[in-house]
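Below is one structure, written out as structure tokens; comments come after it.
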Amino acid sequence: MLTNLRESWQIRHVEIPTRMVLAPMAGVSVQAFRRQGRRFGAGLVCSEMVSCAGIEHRNEKTLGYLRVAADEHPLAIQIFGSDPPLMAEAARMVDAAGADLVDINFGCPVRKVTKTGAGATLLDDADRAARIVEAVASATDLPVSVKMRRGLRDGSRTCLEVGPQLVRAGAATLTLHPRSAQQMYTGEADHSLTAELVSLVDVPVIASGDITSRAKAQAVLATTGAAAVMVGRSAQGNPWALREIVDGDDRQPSREEVVAELVLFIRETVRELGERRASGFLKKFYGWYLGRGRFPKPFKQELVMLGSTEEVERLLIAAAPGALPLLERLEDELPVAGEVLLDELPISLYGGG
Ligand SMILES: Cc1cc2nc3c(=O)[nH]c(=O)nc-3n(C[C@H](O)[C@H](O)[C@H](O)COP(=O)(O)O)c2cc1C
């Protein structure tokens, strides 16, 4: 049976308007990415993982991840760490920042994170994982979600033991990316595990991994009973993939549309990160947007060599002048930057200024 991806569903009291969730991705999921994801049909968007230690130390860059824009709700902010009281403190900050859900990362396979006892390692320490969920759930009234992998090693089925424990500890939803940490991003996500997990818990499950098309989304929803699919890599530089998945609208964007979206993305990211950080951060996006046969390869290489985002913007517009009216329309439709709630964060978030 086909699922209507435009159907709303709920995580506790939080209404999610579509059955497609935009994945949290470190180094990708900035505000511009999340707001774009919402415009293209994602019902829920997520921040990249935020270190609870960084929050505790009031690290300025970390606190920047807690900025919430007016038009990105519902939004989950994801935290990672291994110490229950620190995770509880981080959850309070996430709540104060205006997020709709607190998401806990039990899936990160990267050594820098796992060696601190956080991320996917916690799948092998179910008691600690449950204590973290309990601490976070009692620190906030927001629904708590947990994102995990299948386990640490290839073939692992740990998620099926840990998942129900985390629900008993207070998780209101689980997202499963059914690859092992060892696999990183190789091989395939085995969604037969997602189906098993759905049968074991009475909270909605979100299926993450290899959702690359509407057909794949429909197949995974039908065979697993998951409440929603999560889309990650397919949406990098390609919000049109989200539109295809949620609405079946498979029109390819014109060059003008690609340039308009990319320039908007650049402007918003510069506003969020500042020119210096943004210009390095954005380089990978040029390839993602301009690839897929949309522009010749040397053009992308030329952009990457430029020193400022202003120069990048000029070259992009020169390559597709028809993008300008599209860009103006996009900017007119967006809420003004002043609506971003950053200035309203409690002063304590910045350590009293
Ligand atoms: C560059 C990158 C960064 C990621 N960062 C995070 C993260 O911060 N937190 C998290 O839970 N998952 C993270 N993931 C995993 C994704 O959320 C998702 O589960 C995974 O990519 C599988 O989905 P996909 O096949 O749709 O990409 C990341 C993935 C990628 C590719």
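All ligand and atom numbering here is 1-based and tracks the order in the structure.
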Look only at interatomic distance and state if [X] has a nitrogen or oxygen under 3.5 Å from any nitrogen or oxygen of ligand 1.
{"X": "R179", "value": "no"}
{"X": "D210", "value": "yes"}
{"X": "P24", "value": "yes"}
{"X": "Q236", "value": "no"}
{"X": "G232", "value": "yes"}
{"X": "S234", "value": "no"}

I'd like to know if [X] and [Y] make a salt bridge, using a cut-off of under 4.0 Å between side-chain N and carboxylate O.
{"X": "R179", "Y": "D210", "answer": "yes"}
{"X": "E89", "Y": "R92", "answer": "yes"}
{"X": "E261", "Y": "R39", "answer": "yes"}
{"X": "D249", "Y": "R243", "answer": "yes"}
{"X": "D247", "Y": "R214", "answer": "no"}
{"X": "D190", "Y": "R157", "answer": "no"}
{"X": "R267", "Y": "E331", "answer": "yes"}

Among protein heavy atoms, which lies nearest [atom], and at what distance?
{"atom": "atom 1 (C) of ligand 1", "answer": "A26 O, 3.9 Å"}
{"atom": "atom 9 (N) of ligand 1", "answer": "Q78 OE1, 2.7 Å"}
{"atom": "atom 31 (C) of ligand 1", "answer": "R233 CG, 3.5 Å"}
{"atom": "atom 29 (C) of ligand 1", "answer": "Y185 OH, 2.9 Å"}
{"atom": "atom 18 (C) of ligand 1", "answer": "S208 OG, 3.4 Å"}
{"atom": "atom 12 (N) of ligand 1", "answer": "K147 NZ, 3.0 Å"}

Exercise for review: Answer whether the closest heavy-atom distance between the side chains of P253 and R294 falls below 4.5 Å.
Suggested key: yes
Check your understanding: Is there a side-chain contact between V68 and H73 (heavy atoms, below 4.5 Å)?
Key -> yes
Ligand-residue contact atoms, ligand 1 with [X], heavy atoms, under 4.0 Å:
{"X": "A23", "value": "17 (O)"}
{"X": "M49", "value": "8 (O)"}
{"X": "H177", "value": "19 (O), 20 (C), 22 (C)"}
{"X": "N105", "value": "9 (N), 10 (C), 11 (O)"}

**Study point:** F285 and Y289 aromatic ring geometry - parallel, tilted or perpendicular at 30°/60° bounds
**Key:**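 Y289 and F285: tilted rings.
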Point to revise | Proximity of M25 to ligand 1 by residue part, where a heavy atom lies under 4.0 Å | key: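 It is both parts that get close, each with some atom under 4.0 Å.
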Review point. Would G209 count as a contact of ligand 1 if the rule is a heavy atom under 4.0 Å away?
Key: yes
Point to revise | Candidate pair R35 and E268, rule salt bridge (charged side-chain N to carboxylate O under 4.0 Å, His left out), full reasoning | key: CA-CA 10 Å; R35 296 170 85 194; E268 282 198 54; 2.7 Å; yes
